[in-house]
Amino acid sequence: MKLSSFIKLTLLNITLISSFTLYANPVNSYKGIPKQDPQFAQFLQNNKNKVVLLDLTIKNPNEFDDITSGYRGVSPTFYVAPMGKQDFEVFIECDKIDNPNAEDTIGKCSPYVTWNKKTGNLKGKFTIKDQGKNKMGSRLFYIVAEKSSQMTVVVKEHLGMSESGDGYAFTTKDGHEFFVYNAGGAISLKGESNIIENATICLKLKPQDGTISSISKGKCQ
């Protein structure tokens with residue numbers, strides 16, 4: 001076998017192995033109510049230093065003002081059910097995103113992480129960081145918000161053009177609102193026609209600022 005052919009074959013094998021590894025190791029996800037479910041604490045421990053997808057329901061938003069204002073002026077927090085006798089504290093860290101237009105601390109994670117005050121839903125991609133035990137003996141975790149390139153949503157309602165006339169908004173079934181910038185119709189955003197009531201769509205997000213760059217039908221792949 002010629003050396004060039006051997007090199008090509010080796011590179012092909014490496015590519016196939018790498019592709020298989022990516023496919024065989026999907027991002028872990030959790031959906032539930034942390035305050036009621038001890039399995040969430042277990043999920044945190046099992047996924048230390050990993051990127052995960054979280055879809056959390058904060059049971060009673062009125063009990064969780066800190067998630068909006070920012071606990072101790074640094075990071076929002078929420079309650080987690082203990083695992084046995086072990087208590088847990090979880091903080092949300094938005095520094096990687098740091099949205100300059102945020103009106104509150106949790107808003108710094110937007111638009112990649114969505115927080116709905118009315119429903120208590122927190123959704124996004126995070127890296128879990130184990131900080132050990134604090135002075136009170138509780139296990140301390142940080143969930144660090146990460147940027148996403150896409151997001152699956154189910155359309156609830158088209159809200160029409162904004163007052164400025166530079167775009168329009170629509171709401172999703174989980175209570176979130178998104179804005180589509182189209183320069184008052186002068187710019188056609190790819191896939192706009194997919195934004196219809198009850199439709200499941202995939203939003204492609206710009207890495208610079210998280211604005212919508214295109215929309216496709218169905219769940220994100």
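Along the sequence shown, residues are numbered consecutively beginning with 1.
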Side-chain heavy atoms of N198 within contact of K173, under 4.5 Å = yes

I106 side, atom CD1; I92 side, atom CD1 - distance, nearest 0.5 Å = 4.0 Å

How far does OG1 of T57 sit from CD1 of I33, to the nearest 0.5 angstrom?
-> 5.5 Å

Using a 4.5 Å cut-off on heavy atoms from C-beta on, say whether the side chain of L54 contacts that of L122.
-> no

Is it the case that one hydrophobic cluster holds both Y112 and I215, taking links as side-chain heavy atoms less than 4.5 Å apart, direct or via other members?
-> yes

Check whether any side-chain heavy atom of Q45 sits under 4.5 Å from a side-chain heavy atom of M83, and report yes or no.
-> yes

Grab the two heavy atoms, one from P111 and one from G210, that are nearest each other, plus how far apart they are.
-> CG-O, 3.4 Å

Joint cluster assignment, V80 & F126, ILVMFWY side-chain distance < 4.5 Å | yes

What's the spacing between K129 NZ and I143 CD1 if we round to 0.5 Å?
-> 13.5 Å

Interatomic distance, NZ@K147 vs NZ@K96, rounded to 0.5 Å, equals 10.5 Å

Mark yes or no for whether E146, through its side chain, and G124, through its backbone, hold a donor-acceptor pair below 3.5 Å.
-> no

Of N194, V154, V153, V155, the one forming a side chain to side chain contact (heavy atoms under 4.5 Å, CB included) with T200 is V154

CD of E93 to CG of D98: how many Å apart, nearest 0.5 Å?
-> 9.0 Å

Atom NZ of K135 and atom CG of L140: how far apart are they, to the nearest 0.5 Å?
-> 12.5 Å

What is the minimum heavy-atom distance between E89 and S138, and which atoms define it?
-> OE2-CB, 4.1 Å

Heavy-atom closest pair, residues S213 and K206 | CB-CG, 3.7 Å

Minimal heavy-atom distance between G107 and S110, with the atoms involved, is O-OG, 2.6 Å

When you look at Y30 and D37, which way does the side-chain hydrogen bond (donor to acceptor under 3.5 Å, both in side chains) test go after all the steps?
-> CA-CA 11 Å; Y30 172 92; D37 184 11; 2.8 Å; yes

Verify the cluster assignment for I195 and L205: are they in a single hydrophobic cluster under the rule of side-chain heavy atoms below 4.5 Å apart?
-> yes

Residues, nucleotides or ligands: over 12 heavy atoms within 6.0 Å of E197 CD = no

Group every Ile, Leu, Val, Met, Phe, Trp and Tyr by side-chain heavy-atom contacts under 4.5 Å, then state whether I212 and V113 land in the same group.
-> no

For S148, does its backbone N or O pair with a side-chain atom of Q150 as donor and acceptor, under 3.5 Å?
-> no

Any side-chain heavy atom of I201 within less than 4.5 Å of one from T152?
-> no

What closest approach, in Å, do P82 and P38 show between heavy atoms, and which atom pair accounts for it?
-> O-CB, 3.7 Å

Report whether L189 and M161 are members of the same hydrophobic cluster (ILVMFWY, side-chain heavy atoms less than 4.5 Å apart, transitive linking).
-> yes

C94 versus T105: any side-chain heavy-atom pair under 4.5 Å?
-> no

Only residue of F178, Y168, F179 satisfying ring pair (Phe, Tyr, Trp, His ring centres under 6.0 Å) with H158 is Y168

Heavy-atom side-chain proximity of D55 to L53 below 4.5 angstrom = no

Taking the side chain as C-beta and beyond, is there a heavy-atom pair between D130 and F141 under 4.5 Å?
-> yes

Which heavy atom of V27 sits nearest a heavy atom of V52, and at what distance?
-> CG1-CA, 3.6 Å

Is the closest side-chain heavy-atom distance between P34 and F78 below 4.5 Å?
-> yes

For N121 and N116, indicate whether the former's side chain and the latter's backbone hold a donor-acceptor pair under 3.5 Å.
-> no

